[in-house]
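Notes for the one structure printed next.
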Amino acid sequence: MLASRASMALTYKQSGVDIDAGDELVERIKPLAAATRIAEVMGDVGGFAGLCRVPGDVEEPVLVSGTDGVGTKLKVAFATGVHDTIGFDLVGMCVNDVITCGARPLFFLDYFATGKLDVGVAEKVVAGIASACKESGCALLGGETAELPGMYAAGEYDLAGFAVGVVARKKIVDGTRVSAGDVVVALPSSGLHSNGYSLARKALLEAMKLPFDAKPAELGGRTVAETLLSPTRLYARHVQAVLGAGIDVRAMSHITGGGLPGNLPRVLPEGLGVRVGTWSRPPVFELIARGAGVAEAEMRRTFNLGVGFVFVVRPDQADSATDVLRRLGESPIALGSVVPVPHDRPFEERVEWAP
């Protein structure tokens, strides 16, 4: 009887958690993280916590932190089986926020949760995270993988990211010095980045009934899946180049959910707004608008519409900022200028659009 009971003993693996798979993933992650190592990192992945020194050459260092996820863009990754770019998005959503203060990104942590761990899928996700960390100049310092049976549908997972940067106190960019007449210079997005996917999926996949392998003429030969999975652009090296050139950057904004109306006013003093001009939008936005009948006002408050990151600079330095960005191979957009607005104007209406 005792032997029979022993043979029936329940294990953690039988309840849905595979410790061996988790250990294997850690071993696969170690070389990915090692490739992102920076001089300030102390120790290796696998401990209880990651260690990173504050750079010694930063006067009165201030730590800057940010956290985010990638929203329902994950649904596209699940449906297509493409998992090697979604980690890139995760880093972009976090690091692009941190650098708006003028910070240099130091390190990144990730949280990956799933019902049943697929080591191959998780490795692809983390490889994307590591690649984006390396491009941004920050270390993948650690993370957490959680296997949670019953919490997620089969084949699905969730992601969260956490970025920490550092900036000298006297060099913090916070928007307080923005004045009427300042010029707004923008960098293009790669498309939707990681925002507005609930509307985009409903428009393209449900209203228009487009399959993922469809190639609408508007997309110039790209499939719907390729377009929706275009990774979020990283702007850390652009920010460092502009600041390093001594340009007086008065504010920066990462254009995420809420578009220009929901993000630009966040870095402007009360009584100021931005009058924006026109620019060439990536074709996916026109496809969504025309194909699914989405109103222009809804497009503006949901999507970035082709603008990923914004610098507000003194008018006499706009050309210099543009030149720095062009030397990096960019095509900066002369987005508009800062204008006075009534103090009682609603937040999102502080962005004025060209007729």
Side-chain angles (χ1 to χ4, degrees), residues 29-68 87-88 90-111 126-144 160-177 187 232-254 267 308-313 317 320-321 324-325 327-328 330:
I29 288 173
K30 284 181 179 179
L32 298 174
T36 72
R37 192 180 181 98
I38 58 176
E40 291 80 10
V41 169
M42 304 168 63
D44 298 313
V45 169
F48 287 101
L51 303 176
C52 184
R53 292 189 300 269
V54 175
D57 59 349
V58 179
E59 183 180 354
E60 288 192 88
V62 175
L63 295 178
V64 182
S65 63
T67 182
D68 210 337
F88 209 91
L90 185 66
V91 175
M93 295 305 294
C94 299
V95 167
N96 287 345
D97 280 355
V98 165
I99 60 176
T100 61
C101 300
R104 167 199 159 193
L106 271 181
F107 62 83
F108 187 85
L109 305 171
D110 70 274
Y111 175 79
V126 177
I129 292 171
S131 176
C133 284
K134 191 169 184 178
E135 183 173 326
S136 298
C138 65
L140 175 55
L141 195 59
E144 170 69 9
F162 313 88
V164 173
V166 63
V167 61
R169 184 172 181 176
K170 67 180 180 181
K171 294 184 178 180
I172 293 173
V173 179
D174 59 8
T176 55
R177 296 185 301 110
L187 286 172
T232 301
R233 294 199 65 202
L234 304 172
Y235 299 107
R237 66 188 183 95
H238 306 88
V239 169
Q240 293 302 309
V242 171
L243 295 176
I247 293 168
D248 184 10
V249 178
R250 297 185 163 186
M252 290 181 279
S253 181
H254 179 203
V267 296
F309 198 87
V310 166
F311 299 86
V312 180
V313 300
Q317 294 198 335
S320 297
V324 170
L325 295 170
R327 287 197 293 272
L328 292 175
E330 292 293 336

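Note that the structure is a prediction, hence the values are computed from the model and not measured.
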Which atom of [X] lies closest to which atom of [Y], heavy atoms considered:
X	Y	result
Leu328	Ala241	CD1-CB, 3.7 Å
Leu90	Asp68	CD1-O, 3.6 Å
Asn96	Phe309	O-CE1, 3.6 Å
Gly66	Cys94	O-CB, 4.3 Å
Val167	Cys101	CG2-O, 4.1 Å
Val313	Ala321	CG1-CB, 4.5 Å

side-chain hydrogen bond (donor to acceptor under 3.5 Å, both in side chains) pairs, two or more places apart, involving residues 32-43:
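Counting only pairs at least two positions apart or across chains, the side-chain hydrogen bond (donor to acceptor under 3.5 Å, both in side chains) contacts touching residues 32-43 are Arg37-Asp44, Glu40-Arg104.
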Report yes or no: does [X] contribute a side-chain atom to a donor-acceptor pair with the main-chain N or O of [Y] at less than 3.5 Å?
X	Y	value
Gln317	Ile247	no
Arg237	Gly137	no
Asp97	Thr67	no
Asp110	Val91	no

Working to the nearest 0.5 Å, report the span between [atom1] of [X] and [atom2] of [Y].
X	Y	atom1	atom2	result
Glu135	Arg233	CD	CZ	8.5 Å
Lys171	Leu243	NZ	CG	9.0 Å
Leu140	Leu32	CG	CG	8.0 Å
Tyr235	Gln240	OH	CD	16.0 Å

Check step by step if side-chain contact (heavy atoms from CB on, under 4.5 Å) holds for Leu141 and Val164.
CA-CA 10 Å; Leu141 195 59; Val164 173; over 6 Å; no
Taking it one step at a time, do Thr100 and Val267 satisfy side-chain contact (heavy atoms from CB on, under 4.5 Å)?
CA-CA 9 Å; Thr100 61; Val267 296; 5.8 Å; no
Before you tell me yes or no, could you show the steps for Phe107 and Ile38 under side-chain contact (heavy atoms from CB on, under 4.5 Å), namely the whole-Å CA-CA distance, both residues' side-chain angles and the distance that decides it to 0.1 Å?
CA-CA 9 Å; Phe107 62 83; Ile38 58 176; 5.8 Å; no
Could you walk me through whether Met252 and Ile99 satisfy the side-chain contact (heavy atoms from CB on, under 4.5 Å) test, starting with their C-alpha distance in whole Å, then the side-chain angles of each, then the deciding distance to 0.1 Å, before giving a yes or no?
CA-CA 8 Å; Met252 290 181 279; Ile99 60 176; over 6 Å; no
Against Leu106, only a single residue in Pro61, Pro55, Cys138 fulfils side-chain contact (heavy atoms from CB on, under 4.5 Å); can you say which?
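Of all the options given, the one that passes is Pro55.
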Check this for me: does any side-chain nitrogen of one of Lys170 and Glu59 sit under 4.0 Å from a carboxylate oxygen of the other?
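Salt bridge: yes.
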